[in-house]
Amino acid sequence: MSDKLSEKPLEDESPLARQVGTKAERKLRAQRHVDRTIWLGLGMMGLIGWSVAIPTLIGAAIGLWLDKHYPESFSWTLTMLIIGLFIGCLNAWHWVAKERQKMQEEQEDYNE
């Protein structure tokens, strides 16, 4: 027995039967991927968190160093912290957009 319920629709199969078969196939596929999606979601949250936190901390560290070695009338620490946060948010946005595109492609494959 194959993984797919209906690899090729039979010519004598009614449209209702094909629709039910397609929905059943999607439901079975979704049930097989439940664990994967939960872990993928948790991993993605961690990835997004670290992709924002690391550049922010690096920016703060560079800012502290600049404040110590090159004092100015403004705070290098605050400036670099904001720049690091901005870079981290761009990084997180990149990862979310990439995963969203991958999920859309998988959904299109399932709909075919």
Side-chain angles (χ1 to χ4, degrees):
M1 187 172 209
S2 69
D3 278 341
K4 295 185 179 181
L5 293 177
S6 59
E7 290 182 11
K8 287 187 178 179
L10 299 175
E11 291 180 16
D12 59 343
E13 190 175 36
S14 71
L16 178 63
R18 277 189 294 245
Q19 186 178 11
V20 169
T22 302
K23 287 185 179 185
E25 181 180 334
R26 285 185 197 151
K27 188 178 257 187
L28 287 172
R29 191 177 298 129
Q31 288 174 348
R32 283 193 299 263
H33 295 305
V34 167
D35 292 338
R36 188 180 127 225
T37 57
I38 290 170
W39 287 112
L40 181 66
L42 290 172
M44 183 58 68
M45 284 191 309
L47 177 68
I48 291 169
W50 283 108
S51 70
V52 173
I54 297 297
T56 303
L57 293 173
I58 291 172
I62 292 171
L64 286 169
W65 184 84
L66 287 171
D67 274 339
K68 184 176 180 182
H69 290 59
Y70 302 102
E72 290 289 332
S73 61
F74 60 90
S75 171
W76 280 111
T77 303
L78 185 58
T79 303
M80 297 306 287
L81 181 83
I82 291 170
I83 291 171
L85 181 63
F86 179 74
I87 291 170
C89 288
L90 284 177
N91 195 17
W93 175 76
H94 167 75
W95 282 104
V96 170
K98 184 178 171 183
E99 285 300 315
R100 183 174 170 217
Q101 182 180 9
K102 189 188 302 184
M103 288 171 53
Q104 284 177 344
E105 289 172 358
E106 285 179 5
Q107 185 65 29
E108 288 172 3
D109 290 344
Y110 293 155
N111 289 337
E112 290 178 353

Under a 4.5 Å side-chain heavy-atom rule over Ile, Leu, Val, Met, Phe, Trp and Tyr, are L81 and Y70 clustered together?
no
Main-chain N/O of L47 paired to W95 side chain as donor or acceptor, under 3.5 Å
no
Do N91 and V52 have side-chain heavy atoms sitting under 4.5 Å apart?
no
Closest heavy-atom contact between T77 and A60?
CG2-O, 4.1 Å
Would you compute the distance between atom CG of L90 and atom CG of L85 and round it to the nearest 0.5 angstrom?
10.0 Å
Could you give the distance from CD1 (I87) to CD1 (I82), rounded to the nearest 0.5 Å?
12.5 Å
Verdict with supporting geometry, E105 and K102, salt bridge (Lys or Arg N to Asp or Glu O under 4.0 Å)
CA-CA 5 Å; E105 289 172 358; K102 189 188 302 184; over 6 Å; no
Indicate if I58 and W50 have the same hydrophobic cluster label, given that clusters are the connected sets of ILVMFWY residues with side-chain heavy-atom separations under 4.5 angstrom.
yes
Interatomic spacing from CD in E99 to NE2 in H94 - rounded to 0.5 Å:
10.0 Å
Heavy-atom count check: over 12 atoms from other residues, nucleotides or ligands less than 6.0 Å from F74 CZ?
yes
If I take atom CD1 from residue I62 and atom OG1 from residue T79, how far apart are they, to the nearest 0.5 angstrom?
12.5 Å
